[in-house]
**Q** 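This is the structure, below, for whatever I ask next.
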Amino acid sequence: MPGGPGSPAAPGRRGSSAGPGSPLQPGSPLRPRSPLQPSSPGDAGALLDAAAVHTVRRRAGLRPVAPAAALPQPAPDDERPEPPEAASRRLALLLADRAAAGAAGGGRRGTAPDLTELLPQWLAVARRRGYRAPAALLPALLDAARARTDLRPAVLAFAGPLGMWLARLNPEWRFALRAAPGAPGADADGGPARRRLWDEGLFAERIALLTSVRSREPAEGRALLASAWATERAEDRLMFLDSLRTGLSHDDEPFLEQALNDRSRNVRSTAAELLSALPESAFAARMAERSAGCVGPDRTGGAGAVIAVEAPHECDEAMRRDGVSATPPTGRGERTWWLVQLVEATPLGAWPGRFGGRSAEEIVALPVADGWRDELHAAWCRAAVRQRDAAWSRALLGPPSAPTATGPAAASLAERSRLLSVLPPDERAGWVAGFVSAHGLSDAFQFLGTCAVPWAEPLGRAVVDALDIARDAGSYPWSFSGVMGLAERCLDPAEADRLDVLTRRSDEPEDASSGAGDYWAEAFQRLTATLRLRAAMLAELSDEPAAPRRPGAAPPAA
């Protein structure tokens, strides 16, 4: 029965039941009792009051918390200016689109530009113009670099010292300590901070430090490496040795010659590869002497000059000491394997003297006896790339109009791409434009990736014309999605207006794939929209207003 003995009382306002003897009576002492025991059964208000008193007592009796860990040192200053406000907003949109794309997964893109693929270009332009990353966007930038290794160099250069400072505080961003173009202590002018980091730092920090010092002070970087070389593990020596590629010069020859005696075969091979990129080194002279006994003009007579090849009969101790691997990969003969290693390590400047003063182009054109042509030319290709020799790269590539399977070197597409990377940018773009005009786009994707952005006008026109021809021929449209994606990122934004005519849907040929016309129109609409967006990005980073749109044109997509 309500109100009877033992039944709960109706709740009242706090303090309304305080009476004589209540714990809340002014001046009344707090008696030692259970803290939540009311003075009389059924007094809910007193129970709540007792709970409040207990809370105050408990809080007042807490011991002080342990002092917090020492705060990190303040972030270093970065005197570069932040990008203009409009450019920073654009960067935030690009980063937000990256996160959204990762959550949503793949799918048909429609006509909207792919903002994720424009992020590398935005970063490259911002870096060239001397901007630093907006502080508020640094976490998103570091997350993007963690997810995409291709972004790391640009992001970390843009993030600067504040980005490195943040990376030290978050384990998920520790990759920055390995990939950053600079490292804490690298700017200490050879003082104690640099030495302490080299002696006591994590392996990733030491690699970053060595790379940074080597890029600015090659001799200091080499001295830093030499100071600890004897005590490093073999796998660490290999990674450290690879850093000498930056700023490699003949001053490094004595150190690399010593590395040829290393206990690790991989270290010896890397040292030999670096020495082979120094044509005047003693190592290169030894390799040239060995190659001269294997490759030369056929002196047995005949109507015309022929290249004769005699592979080595053994891989002696001196060859192994110079980095020649004695054991061939599966499927290759020993003698062939030894020969190509000798040829690719031989200075290319040694061959004209062996062949009567002939030029690289004339030597490459000579017939090769006994079926050695492909192996010999492939070794010359690797030597041309390693030694950055444009004349030999040009000769081995041959004219772009030559049939793809029967060029001077009959090199693979990957080998030709590497040869192209040696040529000056304008010549490279001209060669690829000629290749596209002669052969279309089927085998051109790797070549296009070697060309400077934005593409030179002849190359851009050749690519667009080839895409238009493929559309008119009723080609399967999805076969060209990779090239179309490259065009979005690499065509000159000024080409947008000229491409408007291609955005209209054309009649499909009878033998065309179903829906091909719609796809091509959609792809060209996306291409023009992306080009206009890139133009707007450039204008924002220049702190200049974007060019006015033509009447009726859609605004750049965000």
**Q** Does atom CZ of Arg388 have more than 12 heavy-atom neighbours, drawn from other residues, nucleotides or ligands, at distances under 6.0 Å?
**A**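 More than 12 within 6.0 Å, yes.
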
**Q** What's the spacing between Asp143 CG and Leu151 CG if we round to 0.5 Å?
**A** 12.0 Å

**Q** Is Trp198 reaching over with its side chain to a backbone N or O of Leu224, donor-acceptor style, under 3.5 angstrom?
**A**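 Yes; at least one donor-acceptor contact below 3.5 Å.
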
**Q** Using only atom types and a distance under 3.5 Å, with no angle test, would you say the side chain of Trp431 pairs donor to acceptor with the backbone of Leu423?
**A**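 Checked: no pair found.
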
**Q** Using a 6.0 Å cut-off, check whether atom CG of Asn261 has over 12 heavy atoms from anything other than its own residue.
**A** yes

**Q** Answer yes or no: is there a side-chain heavy-atom contact under 4.5 Å between Leu459 and Leu448?
**A** yes

**Q** For residues 449-457, run the donor-acceptor check on the side chains, cut-off 3.5 Å, and write out each pair with its distance to 0.1 Å, sequence neighbours left out.
**A**
unit_1: Thr450; atom_1: OG1; unit_2: Phe447; atom_2: O; d: 2.7
unit_1: Glu457; atom_1: OE2; unit_2: Arg461; atom_2: NE; d: 2.9
unit_1: Glu457; atom_1: OE2; unit_2: Arg461; atom_2: NH2; d: 3.2

**Q** Atom CD of residue position Glu85 - does it have more than 12 heavy atoms of other residues, nucleotides or ligands inside 6.0 Å?
**A**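 Not more than 12 within 6.0 Å, no.
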
**Q** Does some side-chain heavy atom of Glu117 sit less than 4.5 Å from a side-chain heavy atom of Glu488?
**A** no

**Q** One pair to check against side-chain contact (heavy atoms from CB on, under 4.5 Å): Ser325 and Arg265. What are the steps and the verdict?
**A** CA-CA 8 Å; Ser325 173; Arg265 181 176 60 83; 4.2 Å; yes

**Q** Answer yes or no: is there an ion pair linking Arg245 with Glu273, defined by an N-O contact shorter than 4.0 Å?
**A**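 Yes, Arg245 and Glu273 are salt-bridged.
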
**Q** Out of Thr530, Val463, Leu499, which residue meets the side chain to side chain contact (heavy atoms under 4.5 Å, CB included) rule with Leu491?
**A** Leu499

**Q** Using modelled atom types only, decide if a donor and an acceptor are shared between the side chain of Asp492 and the backbone of Glu495 within a distance under 3.5 Å.
**A** no

**Q** Measuring from atom CG of Leu420 to atom CG of Leu396, what distance do you get when rounded to the nearest 0.5 angstrom?
**A**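 Nearest 0.5 Å value for the CG-CG distance: 11.5 Å.
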
**Q** Heavy atoms, side chains only, cut-off 4.5 Å: are Leu275 and Asp252 in contact?
**A**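 The answer is no; the side chains never approach within 4.5 Å.
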
**Q** Hey, what do you get for CD (Glu217) to CZ (Arg222), rounding to the nearest 0.5 Å?
**A** 12.0 Å

**Q** Taking the cut-offs as 6.0 angstrom to the six-membered ring centre and 45 degrees off its axis, would you call Arg152 and Phe175 a cation-pi pair?
**A** yes

**Q** In plain terms, say whether Asp199 and Arg196 are close enough for a salt bridge, that is, a side-chain N and a carboxylate O under 4.0 Å apart.
**A**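 Judged by the 4.0 Å cut-off on N to carboxylate O distance, Asp199 and Arg196 do not form a salt bridge.
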
**Q** Determine whether a donor-acceptor pair (N or O, by modelled atom type, separation under 3.5 Å) exists between the side chain of Glu82 and the backbone of Ser88.
**A**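 Not confirmed, Glu82 side chain does not pair with Ser88 backbone.
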
**Q** What distance do Arg382 atom CZ and Arg386 atom CZ have between them, rounded to the nearest 0.5 Å?
**A**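 One finds 8.5 Å between CZ of Arg382 and CZ of Arg386.
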
**Q** Restricting to non-hydrogen atoms, name the atom on Ala288 and the atom on Thr346 that form the minimum distance, rounded to 0.1 Å.
**A**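 So the minimum-distance heavy-atom pair works out to CA-CG2, 3.7 Å.
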
**Q** Would you please test Val436 and Asp465 for side-chain contact (heavy atoms from CB on, under 4.5 Å) and show each step?
**A** CA-CA 9 Å; Val436 169; Asp465 290 345; over 6 Å; no

**Q** As a quick check of understanding, evaluate side-chain contact (heavy atoms from CB on, under 4.5 Å) for Cys381 and Arg416, giving each step before the final call.
**A** CA-CA 8 Å; Cys381 284; Arg416 285 184 166 190; over 6 Å; no

**Q** Does Gln525 reach the main-chain N or O of Thr503 with its side chain, forming a donor-acceptor pair under 3.5 Å?
**A**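 Yes, because the side chain of Gln525 sits within donor-acceptor range (under 3.5 Å) of the backbone of Thr503.
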
**Q** Any ion pair linking Asp389 and Arg394 (charged N to carboxylate O, less than 4.0 Å)?
**A**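 So Arg394 does not pair with Asp389 through a salt bridge.
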
**Q** So, Arg534 and Gln121: side-chain donor and acceptor under 3.5 Å apart, yes or no?
**A**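 Result is yes, a qualifying pair exists.
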
**Q** Could you grab the distance from atom CG of Leu241 to atom CG of Leu225, nearest 0.5 Å is fine?
**A**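 Output value for this atom pair is 7.0 Å.
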
**Q** Looking at Trp520, is Arg471 sitting on its ring face, NZ or CZ under 6.0 Å from the six-membered ring centre and within 45 degrees of the normal?
**A** no

**Q** Taking C-beta and beyond as the side chain, do Arg90 and Leu115 meet within less than 4.5 Å on heavy atoms?
**A**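 Result no, sub-4.5 Å side-chain heavy-atom pair not found.
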
**Q** Is any side-chain heavy atom of Ser417 closer than 4.5 Å to one of Phe445?
**A** no

**Q** Could you report the tightest heavy-atom contact between Leu413 and Asp443, atom names first, then the distance?
**A** CD2-O, 3.9 Å

**Q** What is the minimum heavy-atom distance between Ala167 and Trp173, and which atoms define it?
**A** CB-O, 3.4 Å

**Q** Quiz question: by atom type and distance under 3.5 Å, do the side chains of Arg129 and Ser542 form a donor-acceptor pair?
**A** yes

**Q** Does any N or O in the side chain of Asp242 come within less than 3.5 Å of the main-chain N or O of Met239, such that one atom is a donor and the other an acceptor?
**A**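 Side chain of Asp242 to backbone of Met239, a donor-acceptor pair under 3.5 Å: no, none is there.
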
**Q** With salt bridge (Lys or Arg N to Asp or Glu O under 4.0 Å) as the test, would you mind laying out the steps for Arg321 and Glu257 before giving the verdict?
**A** CA-CA 10 Å; Arg321 189 261 180 188; Glu257 277 285 343; 3.2 Å; yes

**Q** If you define the side chain from C-beta out and look only at heavy atoms, does anything of Leu95 sit under 4.5 Å from Leu91?
**A**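 They are in side-chain contact.
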
**Q** When you measure from the side chain of His250 to the backbone of Pro279, do you find a donor-acceptor pair of N or O atoms at a distance under 3.5 Å?
**A**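 Not a single qualifying donor-acceptor pair exists.
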
**Q** For the CE atom of Met484 and the CG atom of Leu467, what is their distance to the nearest 0.5 Å?
**A** 4.5 Å

**Q** For a quick check under 3.5 Å, do Arg286 and Ser281 share a side-chain donor-acceptor pair by atom type?
**A** no

**Q** Would you please test Leu278 and Phe283 for side-chain contact (heavy atoms from CB on, under 4.5 Å) and show each step?
**A** CA-CA 8 Å; Leu278 301 173; Phe283 169 89; over 6 Å; no

**Q** Please report the shortest heavy-atom distance between Glu540 and Pro84, naming the atom on each side.
**A**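 So the minimum-distance heavy-atom pair works out to O-CG, 3.4 Å.
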
**Q** Could you tell me if the side chain of Thr116 sits less than 4.5 Å from the side chain of Arg148, heavy atoms only?
**A** yes

**Q** Quick check: closest heavy atoms across Pro83 and Phe158, and the distance to 0.1 Å?
**A** CG-CZ, 4.1 Å

**Q** Side chain of Asp262, backbone of Ser264: donor and acceptor closer than 3.5 Å?
**A** yes

**Q** Determine whether Glu253 and Leu256 make a side-chain contact, defined as any pair of heavy atoms from C-beta on separated by less than 4.5 Å.
**A** no

**Q** Looking only at heavy atoms, which two atoms of Arg80 and Tyr131 are closest? And how far apart?
**A**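 Looks like NH1-O, 3.4 Å.
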
**Q** Mark yes or no for whether Gln387, through its side chain, and Leu348, through its backbone, hold a donor-acceptor pair below 3.5 Å.
**A**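 Between the backbone of Leu348 and the side chain of Gln387 there is a qualifying donor-acceptor contact (under 3.5 Å).
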
**Q** Kindly check if the number of other-residue, nucleotide or ligand heavy atoms within 6.0 Å of CG (Asp426) is above 12?
**A**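 For Asp426, atom CG is not crowded (no more than 12 foreign heavy atoms under 6.0 Å).
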
**Q** With no hydrogens and no angle check, is any side-chain donor or acceptor of Arg174 less than 3.5 Å from a backbone partner on Arg168?
**A** yes

**Q** Classify the ring geometry of Phe255 against Trp229: parallel below 30°, tilted from 30° to 60°, perpendicular beyond 60°.
**A**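 Because their plane-to-plane angle is over 60°, the rings of Phe255 and Trp229 count as perpendicular.
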
**Q** Taking the six-membered ring for Trp, is the centroid-to-centroid distance between Phe240 and Phe203 below 6.0 Å?
**A**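 Yes, ring centres under 6.0 Å apart.
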
